[in-house]
Each structure stands twice: as C-alpha cells, then as structure tokens.
Amino acid sequence: MLEVQNLMVFFENALALNDFGMEVREGQVVGVIGSNSAGKTTLMNTLSGLIIDMRIKEKRRGGERITVYGKVLFKGEDITKTRPSERVKKGIVLCRERHPIFPESDVSQNLQMAGYLRKRSEIRETVKEVFDLFPALIPLKSRKAGFMSGGEQQMLAVGMALVARPQLLLLDEPLLGLSPMMQHLLVDAIKGLKAKSGITVVISEQFARPVLPMIDFGYIIENGMLTLTGTGSELMDNPEVKAAYFGI
Amino acid sequence: MLLGTLIYGFVNSAILALLAMGFNLTFGISGVANFAYGAVYIFSGFSVWIFLNTFGIPYLSAVLIAIVLSGLMGLAIYYGVILRIKGMPLSEVMATFGLGLAIMELFRYFDFVGFRYTLPIFFDGSFSVGEVYIDYQRMMIGLIAVALTVCLYLFTNHTRTGLAFRAIAQDERTALTFGIDADLVGALSMALGCALAAIAAVVILPLGTIAVEGGYEVLINALAVCIVGGLGSTVGILVASVLIGFSQTFTANYLEPHWMMLVSLIAIAIVLVVKPSGLFSHQKELEERI
Amino acid sequence: MGGYIMTEQVPLLRVKNLTKIFGGVTAVSNMDFDLPEGNLLGVIGPNGSGKTTLVNLITGFVKPTAGRIEFRGKEITGWPPYKVVGEGISRTFQMVRPFYQLPAFKNLIVPLYSPRVKKLAGGKYGNRDAVALDLLEEVGFERDAYVSYKKAGALPQGYLKRLELAKSMALRPDLIILDELFSGLSLAEVASIVPIIEKLKTKGKTIIMIEHRLKELFRIADRVMVLNYGRKIAEGRAAEVMESPDVKEAYLGSEGE
Amino acid sequence: MKRRKERIDRGVKARSADIFALTSYREMLYLLIPGAIPVVGLLCFTPILSDYWREVMISTAVYALLAMSWDMLMCAGLLSLGQSLFFGIGSYLAGSLNYYAGLPPILTMPIATIGGGVLCTVLLLPVLRLRGVYFAMVTLVLPLMLSRLVEATRILGGTEGLTGLTPFPNQLTALFVIQLALLAVLFGFRRIMGSDYGLVIKGISDNDRSVMSAGLNIYWYKTQVLFLGACVGCFAGAFGTHMDMFAGMPGFALDYSLMPVASAVVGGTGTFAGPLIGAFILVPLSEMLRALGALRIVFYGLFLVIFVVGLPEGIFAYVQRKYQQRERWVDIS
C-alpha cells in the first residue's frame with residue numbers, strides 16, 4: 001500500500017533521515033520504533049506531506065533549507081511531491097505528536113473541523129463511531145478542548161484523525177506523556193480499530209513495550225537510519241531490542 | 001437629550017463595529033494584520049463614486065461591483081504580497097501598510113480631494129422617536145451591523161468553510177493534516193475581510209464625504225476596537241465598539257467635541273491596563289492552564 | 001496514614017488547603033502535605049489530575065484560589081516566581097523551555113545571572129561560562145564536546161531535558177521540583193539521569209518529582225503521593241500506596257503493571 | 001547526480017567566537033572591517049556633502065536613533081509603535097527648558113535625555129505587563145493622546161508650539177553631535193546585547209517564563225530596557241527640537257512612530273546595525289523621491305513593499321549571512 005524508497009531528508013546540513021526504506025501492506029499495523037530525534041517525526045511529516053509545507057515556509061522566511069530525496073509511493077503512485085491536502089483526499093491522515101487539537105473550540109466542533117474534506121453524512125457517521133470507540137468523550141462534547149487533560153486531548157486527536165476517514169492512519173507518538181491507564185486504553189482502541197474496520201496504521205513510538213505486541217511489522221530507527229526490521233514478535237525476542245527498549 | 005445620545009451612541013457603535021469586522025476577521029483567521037484595510041475602504045468608496053458618476057452604472061450594481069472588486073483586491077494582496085512574508089508579523093504589517101499608503105496617495109495624486117466626492121444615501125428621510133430625529137440611513141447602518149454580525153457568527157460556527165477558518169486560526173499545521181489548505185483559507189479570509197471593508201464603506205460613506213484621510217482614521221478605529229475587544233473575538237468587537245462608541249458620543253454631547261478623541265483614547269488605555277489581553281480573549285485563560 | 005516521618009522541626013515545605021479553580025474547573029482542591037528537608041517526594045496521577053498545576057502553584061506561576069504555602073515556615077503564597085526562586089525553590093518545565101537561539105551553555109547564563117546565585121557566591125559572579133560548562137558536565141553533557149556549544153534548538157530531546165535540569169540546578173536551590181523530567185526519554189536516557197538525581201539527594205537537596213515512570217520513581221522516592229481529579233487520594237511509601245485499591249483503579253486501570 | 005546546497009560558517013567566524021584564536025591580520029581585518037564601515041562612512045564621508053544633503057543626513061540620523069531605540073525595546077520583546085512618544089517628550093522637555101528657563105542646548109539636551117527617559121518609563125510602567133500587539137497598541141495611542149491633550153488644554157503653546165528656540169552654532173557641529181551619538185548608541189547597544197546582561201534581555205523576548213523560573217524579575221529588566229530605549233528616543237527629540245528651533249505637536253506625529261519600524265523591518269531587527277542601515281536607505285530615498293512631486297508617497301509605499309517582500313529577513317541579516325557563511329554544492333551519494 002505504502003512504499004518508501006531511499007528517503008533522505010536534510011535540515012540544512014543535518015541529516016534527519018538517511019537512506020530510509022519501508023513498506024506497509026494493506027491492513028497491517030506497522031510500528032516505527034526509535035528514541036528521541038531518531039527521525040520518527042520527520043518520517044511521519046514526510047509521509048503526510050507536511051514537510052513540503054514546512055519547506056516552503058522555511059524558504060519564504062529564509063530559514064533552514066529542507067531537502068528531500070527519495071520516493072514515497074502510495075498504492076503504486078508516486079506522491080513524493082503531493083501537497084498534504086491532496087494526500088488527505090487520497091486517504092493518508094496524520095495525527096501529529098503532542099495532542100494536535102484546536103484548543104479554543106469544543107469537542108464536537110473539533111470533530112467537525114477534522115471532517116473538512118468529507119461529506120456531512122460521513123462525518124455524522126464517523127463521529128458516532130468515534131464516540132463508540134472513546135465513550136469518555138461523550139460527556140465532554142461541549143467542553144473546550146484546551147481545558148481537557150492530556151489523555152482526553154489525545155483521544156480527541158485520534159478521533160479527529162478518524163473523522164478524516166483515513167485508509168492509512170499515521171500516528172505520531174500517540175502514547176507520549178500519558179499515564180499507564182490511558183496508554184492501555186489507546187492501545188486497545190487501536191487494536192479494536194484494526195479488527196473492526198481493517199484500517200492500515202503506521203504508529204511511531206519510543207516506548208516499545210506497549211507497542212510491539214500489537215504491531216504486525218516493525219522498523220527500528222536510530223539516527224535516521226534503519227537498524228532492524230522484523231515482525232512484532234521477532235523484534236520482541238531480539239536481544240538488542242530487549243536491551244535497548246525493555247531495560248532488561 | 002439622553003434618548004438622543006443613546007440612539008446616536010448606538011449608531012456610532014454600529015459604525016465602529018462595521019469598521020472593525022473585516023479587519024478582525026482577517027486577523028482572527030490568518031493572523032495577518034491587514035494595514036491596507038483603510039485603503040481598501042477608501043478604494044471601494046471611490047470606485048462606487050466612479051461607477052456612478054463616470055460610467056453611469058445604477059447605484060445598487062455599482063455597490064455590488066465595488067464589493068466584489070474589493071474582495072478580489074484582497075485576494076491579490078494575499079497572493080502577491082502576504083504569501084511571501086507569511087509568519088513574520090512585522091513584515092506583514094509594514095508591507096500592507098506600504099501598499100495601503102501607495103493606494104491612498106494614488107487617489108490623492110489623481111486629485112480625488114474635495115467635497116464633491118459624496119455618495120447618495122440609500123433611503124432619504126427620517127423619523128422621530130420622542131423628540132429625536134433619526135434618518136433612515138443611520139438606522140439602516142445599525143440594522144446591517146446587526147445582520148452582518150449574525151451572519152458571520154452562523155458562518156464561522158456552522159459552515160464547513162467557517163469551521164476551516166477557525167481551525168486554521170488555532171493551529172495551522174494541525175489543520176493542514178486534515179486537508180485544510182492554509183494558503184487558500186488565508187486568501188479567502190483576506191478577500192472576505194476586504195469585502196466587509198467595502199460593505200462598511202458603502203453604507204457609512206453616504207453620511208459624509210469620501211476623503212483620503214478617512215482611510216487612516218478607519219484603520220486606527222478598526223485597530224482600536226479590535227484590540228480593546230481582544231483580537232479575533234467577535235463578541236469582543238461588539239462590546240468594544242459599544243464601549244468606545246458610547247464614550248465618544250457622550251463626550252461629544254456633554255463635554256466639548258474636541259475632547260472626544262481624548263476620551264476614547266483614555267478608554268482604550270484603561271481597558272488594556274485592567275484587562276491586558278483585551279476584553280474577550282480566551283488566550284490568557286488557556287495559557288495559564290498550560 | 002502511616003509512613004510519616006515524625007519530626008519536631010518545621011518541614012521545608014508545607015502546603016495547606018491549596019485550591020485552584022480555572023474557569024469553573026477545579027484543578028487542585030484542598031491539597032495538604034508536608035515535605036521534610038532532604039526527602040524525595042514522588043507525585044503521580046493520571047493526566048489532568050492537577051500535578052502540573054500544583055507545581056505552578058508552588059512556584060508562583062499561578063496564583064491559588066485559596067490555601068497557603070509555607071517554605072521554611074515562611075509564607076510564600078501568591079509570591080511571584082522570581083521571589084520564590086530567591087527563597088530556594090527551582091523547577092523544570094514539562095515541555096522544555098530552553099532559549100532555542102542560544103548555544104546550550106549560554107542557556108545557563110540566565111539562571112546564573114540571578115540575584116540568588118550572586119548572593120550565594122558572595123557577591124561575585126566570576127566566569128559564568130566556566131560555571132555553565134561545569135554544570136553541563138554534571139548533568140551528563142560530555143566535557144569539551146561540541147554538543148555544549150550547539151544551539152539549543154538543534155539539540156535532541158534527551159539533551160534538552162538535561163539542560164532543563166541543569167538550569168534548575170544552576171540556581172543552587174534547596175528544593176527542586178522536576179515536572180515529568182523523564183517523559184519523552186528512552187530507557188537508556190532515563191537510566192543515565194537517575195544517578196544525577198540520586199547524587200542531588202545525597203547532597204541533601206529536597207526534591208519533588210512528578211512522574212509517569214513508576215519503576216524508576218519508586219526506586220528513588222522516599223514517599224509517593226497520588227492525585228486524582230485535583231485531590232490527594234493516597235500518600236505514603238511507594239509499596240503501600242500501590243496497594244491501595246483507589247490508586248489501582250484511578251491510575252493503572254484494571255491490569256496494573 | 002543528486003546535489004544539495006550546503007551552508008558552512010567561515011572558519012574565521014567560528015574561531016572569532018574566541019578572541020585569542022585570531023592569528024593573522026587577515027582575520028583581524030575580517031572582524032574589524034564591518035565595524036569600521038559606519039565610523040568611516042559617517043565621520044569622513046558626510047562632511048563633504050552639500051548643505052542640503054547634510055540636512056538630510058541629520059534627519060536621517062534622528063530617525064536612525066529612533067529606529068535603534070525601537071530595536072532595543074524589541075530585544076526585550078516590547079513591540080513599540082509609539083517612538084513618537086519618546087521623540088515628542090524629549091522635544092517638549094528640551095523646548096520648554098530652553099523657552100521658559102532659557103537654558104542653552106548643552107544643558108537642555110542631557111536633561112531632556114535623562115529626564116525624558118524617566119518620564120517615558122514612568123508613563124509606560126503600568127502597561128509593561130502587556131505583550132506583543134497589546135503593548136504596541138498602547139504605545140500607538142499614548143502619543144496621540146498627549147498631542148490631543150496639548151491641543152485641548154492649550155498648554156505648552158497649544159497648537160502653535162514653542163518657537164524661536166536656540167539653534168546649534170552651525171550645521172557641522174550639529175552633524176558631528178548627532179553622528180557621534182549615533183555611533184555611541186550603535187556600538188554601545190551592540191556591546192550591551194553581547195554581554196551576559198544582553199543574554200538575559202534576549203531570554204525575556206525568547207521565553208519569558210523560563211527567565212522567571214530562573215529567579216529574575218523580568219519586569220525590572222524590561223523597565224531598564226525601556227529606560228535605555230526611551231533615553232535614546234528622547235535625545236533624538238531634544239536634538240530635533242534645537243535643530244528646527246521648534247517644539248510642538250508634530251513631535252508626536254505618526255511619522256516618528258512608523259519610520260523607525262519601517263527602517264528596522266527593511267534593515268533587519270535585533271542587530272541595531274539593521275535599523276541604522278534601514279534608516280539610511282529609507283530617509284534619503286524619500287528625499288530623492290521629492291522629484292516625483294505628488295507621486296512621492298505612492299512610490300515610497302511601493303518601495304517599502306518591495307524591500308519587505310524582496311528581503312524579508314532584512315538587509316543586514318542577509319549581508320551578515322553572506323559575509324559569514326559560504327555556500328557550495330555537495331554531492332549526495
């Protein structure tokens with residue numbers, strides 16, 4: 001479904017992604033595991049096209065020069081230079097890190113905004129699904145999103161991404177800063193999502209422990225380079241992964 | 001006397017609200033302080049005059065054309081100037097200010113100065129409430145201000161584009177991940193803001209003459225109302241324009257008119273000292289929370 | 001209510017009936033606790049339970065709606081942040097707040113410039129650059145490595161967190177409040193920061209740690225306090241606290257860890 | 001072949017962070033030349049100009065002072081749209097000291113500088129907590145308010161102003177006074193911002209909460225910066241008053257507020273040299289456009305747009321980058 005070939009991303013002279021390649025099959029949950037500044041967010045931004053927007057903005061401002069080489073293929077089509085809004089139309093939706101919500105609007109408006117490109121009936125339908133998935137959001141419907149706790153915001157953020165009706169959902173560090181209970185809840189929700197709608201998910205995380213059991217295939221990335229690949233259980237049994245991410 | 005003051009205070013507030021609406025819309029959505037706003041206002045006033053007197057186009061169509069033209073001008077400003085310096089507020093202010101300067105002084109160059117530049121009023125005549133006479137034009141301004149406010153509220157809260165506007169205003173990059181095109185929405189907001197300036201111009205200008213200096217005044221008034229009300233807040237604008245409008249009218253009626261400006265300026269200063277982020281800005285509350 | 005250390009003298013920090021209401025939502029309600037000198041208090045709780053607000057209240061970034069905060073027996077309720085720091089309380093931010101445009105070591109010049117440091121240094125500032133580099137080494141920046149001279153904006157998260165810690169240490173505080181210092185760090189990075197905190201503790205500093213990483217926290221904390229919906233629901237030694245059914249339900253969910 | 005443009009700091013620049021590492025005259029020159037340009041340019045070049053252009057230079061320098069004062073406030077995150085407040089207060093102070101008390105310029109100017117600085121700081125003290133555009137609004141409103149006050153109460157000569165003030169002995173004296181002041185402010189401010197104190201100031205505009213948590217009272221530092229900036233602005237006002245032999249409501253005019261901002265934006269903010277360059281481009285430009293008559297302001301506005309859009313980072317920042325960095329193409333394998 002998605003294929004990344006020889007991806008290289010430079011921020012001025014710093015190399016954020018080096019010769020990175022990955023492949024995502026339809027219906028899979030794929031994990032990208034790596035520590036801080038390993039290039040996970042850059043990868044997600046490149047997949048969702050945000051990097052194109054960032055490059056234009058930086059260029060206008062005369063700031064850092066962002067250079068992207070390599071290819072991103074979605075369903076066999078080269079989308080390396082496609083704008084983010086076009087990619088959303090094609091079904092690639094990113095949920096950015098650190099609770100990407102609209103703080104001054106309430107929950108239901110947030111969900112409406114996320115469905116910008118979708119039909120009203122579709123939005124109504126998915127919003128219902130989102131509330132089924134996260135019942136905790138129902139009593140908060142008319143609460144301003146900025147006043148909610150980090151966990152509630154993250155639920156909302158995932159819900160918003162779903163309203164945009166993705167075929168390929170990109171989750172950038174969804175578990176960051178959440179308490180263990182919230183983490184369980186989200187992981188369960190993602191599992192349920194996969195079982196129910198067969199959505200394809202790419203999830204980037206630095207905590208391997210909660211993520212590895214649920215992924216079909218994983219990529220471990222360090223300093224912008226791919227160091228290990230394998231199925232979830234393969235990675236879990238790998239001694240190096242254990243040492244680095246489980247602290248054993 | 002008191003009734004008259006109240007009524008004229010209301011009209012004055014409505015005028016201020018109308019003036020500020022477009023500026024506020026653009027700023028609230030794309031974060032661009034359009035300092036060419038006064039120029040657009042004057043531009044639409046003069047263009048209606050030209051359509052009427054030079055080309056002999058009927059009044060209503062002249063007005064509509066002027067509004068559309070102003071909207072297009074907003075688009076042009078956005079794509080031609082602002083897009084290249086987006087995200088640098090000071091540069092945006094300076095560039096739009098320079099542009100506004102050029103537009104307004106161009107009118108002066110072509111000798112658009114003097115008392116003959118007036119627009120006919122829409123409805124002649126007046127009626128009286130008690131002992132106070134109000135002309136229909138002023139009443140219409142009040143009505144239009146109210147109607148536009150309601151329309152804008154409905155638009156930003158219940159339509160797809162309106163919601164996209166608000167999304168962009170809050171978090172541009174996140175909005176981008178949902179397929180909302182920031183540049184397009186920004187351009188639209190600019191166009192809409194300029195069109196609102198044009199609407200304000202065509203309903204307000206018949207009360208006096210069209211003058212280049214008016215452009216600067218409009219800009220200052222719009223700025224004052226927006227900032228007192230809390231930038232980007234619609235309710236804030238209404239409250240602020242009532243506050244400033246009434247304080248001006250009261251000073252003009254009960255003190256001397258040349259204190260008018262001073263009193264409204266002092267009102268602005270006091271509001272800002274007491275409530276540092278404007279009357280109705282949510283920013284502060286949210287910021288404290290983080 | 002076991003597990004208290006009974007002491008006659010005034011605790012370093014005493015919080016009484018502390019309450020904060022934001023726009024109708026009660027973020028912290030009726031919080032009471034004492035913190036004896038030299039202790040390490042862990043504060044845990046689900047997201048939105050008022051942990052960060054508590055930090056903001058103690059350090060003066062937010063004014064309380066009601067209640068009282070005492071430090072060394074002196075009331076500091078509602079003091080502005082700079083005065084609170086002057087008394088010897090420093091903090092880190094959950095979302096790091098470095099000066100992105102400045103090189104890493106220059107970031108420390110600002111806290112080193114504060115009146116408190118000047119007073120403690122006997123009126124002399126000395127060479128701040130050198131002090132800054134020493135501090136960075138203390139928190140795990142490699143000595144003489146290029147990374148100390150890099151712009152803070154170009155540093156990876158792990159270093160930024162260390163920088164944040166160094167900034168609070170630069171103030172030579174008596175009480176350090178660490179707000180989710182470990183969040184967003186990898187296991188290896190956490191493991192390398194834990195000894196730094198242990199060392200601070202052996203130097204006699206009092207520390208409040210707000211954390212989600214229970215394992216590391218329990219290893220070093222003397223006491224743990226659990227918050228939920230702005231209330232203290234349990235306090236005591238780590239093992240005791242985690243036995244409480246309330247805590248299990250509020251924090252760990254059904255499974256536990 | 002894939003290629004990418006690379007930016008590298010020049011070796012000299014990297015080493016010059018540490019002054020002891022300089023080894024050759026070449027490197028010394030590299031550091032000294034940029035500093036020498038304004039000194040040589042101002043002190044040696046301007047006296048050979050014609051009387052008219054000297055006059056232009058003087059008013060340019062006044063605007064440049066205001067622009068640098070603006071930049072100083074900006075360093076602490078205070079966006080001022082009311083430099084005319086400083087200019088007006090300095091001008092009225094010096095003017096009334098001269099008019100009512102008969103003090104000579106050599107006394108009125110220092111008194112107006114310091115006194116005006118104190119006065120402006122006190123006036124703006126209540127709004128120091130405001131941020132960004134809100135602070136800007138108050139500063140924009142204050143001079144307007146003061147000029148209306150003068151108009152309404154008819155104090156200080158009302159709309160007529162104070163006329164017939166003592167001028168400078170001759171044009172050349174005035175030129176050297178203002179240019180020395182200009183250089184002193186330029187290098188003084190740059191020195192201040194380069195020190196540890198400057199780091200704290202920059203820290204405030206960068207991230208005020210972080211500075212607060214470092215145990216520093218940011219309002220106290222903002223007050224100090226405000227005082228510095230106000231002093232410079234008031235000096236410009238006092239100088240302008242004696243130059244024109246007049247103090248009046250035009251001192252609060254919008255020109256004195258907007259021109260410094262325009263200069264700073266064109267030249268590049270945060271460097272003091274930028275606003276200086278900006279003023280030295282914009283003010284003479286506006287003089288040269290006089291030939292266009294009524295179209296002058298139109299072209300002026302358009303030039304402003306072109307400068308801002310063409311080099312959004314500012315002229316000085318661009319030149320500095322080119323001076324300190326090399327660019328070259330590198331291959332990516």
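Residue numbering restarts at 1 for every chain, and letters A, B, ... go by the order of the sequence lines. Note that the coordinates shown come from a computational prediction; the quantities given were computed from them, not determined experimentally.
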Which residues, numbered in order, of residues 303-311 of chain D come under 4.5 angstrom of chain B by heavy-atom distance? L304(D), V305(D), V308(D), V309(D)

Specify the closest pair of heavy atoms between L106(B) and V298(D), including all atoms of both residues, with the distance to one decimal. N-CG2, 3.4 Å

Quick one: what part of L140(D) sits under 4.5 Å from any heavy atom of chain B, side chain, backbone, both or neither? side chain

Per-residue contact mode, T139(D) against chain B (heavy atom under 4.5 angstrom): neither

Can you establish whether the number of heavy atoms outside [X] located under 6.0 Å from its atom [atom1] is more than 12?
{"X": "E160(D)", "atom1": "CD", "result": "no"}
{"X": "R108(B)", "atom1": "CZ", "result": "yes"}
{"X": "Y318(D)", "atom1": "OH", "result": "no"}

The interface call for Y216(B) against chain D, heavy-atom contacts under 4.5 Å, is neither

Sort out for me which of G80(B), A33(B), A95(B) touches chain D most, counting heavy-atom pairs under 4.5 Å. A95(B)

Quick one: CE on M94(B) to CG on L258(D), what's the gap to the nearest 0.5 Å? 5.5 Å

How many angstroms lie between CD1 in I220(B) and CG in L254(D), if you round to the nearest 0.5 Å? 5.5 Å

